[in-house]
Amino acid sequence: MDIILLGTAAADGMPSLFCDCSICSNARMLRGKNLRTRSSALLDGVIKIDFPPDVLHQVMTCNINLRQMRALFFTHGHADHFCPGELQYMGPWFVTRALPEPLPVYGPADTIARLKNELDMSRVPVHLHTMKHGQTVCVHGYSVTALEIEHDP
C-alpha cells in the first residue's frame, strides 16, 4: 500500500500563522519539509482521507490527480480536516469532462449533515454515506473501519 501523507500539521499549520516562537520562525527560515500543511492522506492514489483547506496546495505540490480518487473519508468535521466548499469544484461548471461516476464520501453523521447543508447536492457528483464507530465499509477493494476516538471533547 502506498500512503502519501499530504499534510501532517495541526489545525493552524506549521509554521502557525501568527506565531513568532523559535520553532515557527525556524520553519519559516528553513522552508522545505519544515513547512507543513493540515492533515490529509492519500492511499494508493484512490482513497483520500480528509479534505482540508490546503488541498489545492497539496495537490499541486505532490502532483496528484483527484479525478483518480475513488472514495473520500472524513475523520471529523473540524475546519482543518473538512473544507466542504472545495468539493464544489468537481461540479460540471468547473471541469471540462464530468467525473465518470459520483464520488462516495464517508464520514460521521454530523460531518455528512454539514455537507448536505453546505453543498448544492444537485450539482456536486457525490454520494454521501454516514459511518458509525466500529462500522466497516468495503470501497474499491479496501476495508475501512471507523474508530471511536477522543478528540477535542
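All heavy atoms count here, side chains included; hydrogens, waters and symmetry mates do not. For clarity, every value in this text was computed on a predicted model and none was experimentally measured.
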Heavy-atom check, side chain of [X] versus side chain of [Y], under 4.5 Å:
X	Y	value
Val139	Val144	no
Leu87	Leu115	yes
Cys62	Leu6	yes
Pro15	Leu35	yes

Residue pairs fulfilling side chain to side chain donor-acceptor pair (under 3.5 Å) with at least one residue in residues 132-144, sequence neighbours excluded: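 Those involving residues 132-144 are Asp44-Tyr142, Thr136-Thr145.
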Closest non-hydrogen atom pair, [X] against [Y]:
X	Y	value
Phe94	Tyr89	CB-O, 3.4 Å
Phe51	Glu86	CE2-CB, 3.6 Å
Leu43	Met1	CD2-SD, 4.3 Å
Ala9	Met14	CB-N, 3.8 Å
Cys24	Ser16	SG-N, 3.4 Å
Gln58	Ile64	O-CD1, 4.3 Å

Under 3.5 Å, is there a donor-acceptor pair between the side chain of [X] and the main chain of [Y]?
X	Y	value
Asp80	Ser39	no
Arg123	Gly91	no
Arg67	Met90	no
Lys48	Asp50	yes
Thr111	Gly77	yes

Is [X] linked to [Y] within one hydrophobic cluster, defined over Ile, Leu, Val, Met, Phe, Trp and Tyr using a side-chain heavy-atom separation of less than 4.5 Å?
X	Y	result
Val137	Ile112	no
Val124	Val59	yes
Phe82	Met69	yes
Phe73	Leu5	yes
Leu72	Leu66	yes

Apart from Leu56 itself, residues in the same hydrophobic cluster as defined by side-chain heavy atoms under 4.5 Å: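 The other cluster members (ILVMFWY side chains, heavy atoms under 4.5 Å, direct or chained) are Met60.
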Atom CZ of Phe18: over 12 foreign heavy atoms under 6.0 Å: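 12 or below, so no.
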More than 12 heavy atoms from other groups under 6.0 Å of CD1 on Ile4: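 More than 12 heavy atoms, drawn from other residues, nucleotides or ligands, come within 6.0 Å of this atom.
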[atom1]-[atom2] distance between [X] and [Y], expressed to the nearest 0.5 angstrom:
X	Y	atom1	atom2	answer
Ile3	Ile49	CD1	CD1	7.5 Å
Asp120	Gln88	CG	CD	10.0 Å
Thr8	Arg38	OG1	CZ	12.5 Å

Ring geometry between Tyr106 and His129 (parallel below 30°, tilted from 30 to 60°, perpendicular above 60°):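 Parallel: the ring planes of His129 and Tyr106 meet at under 30°.
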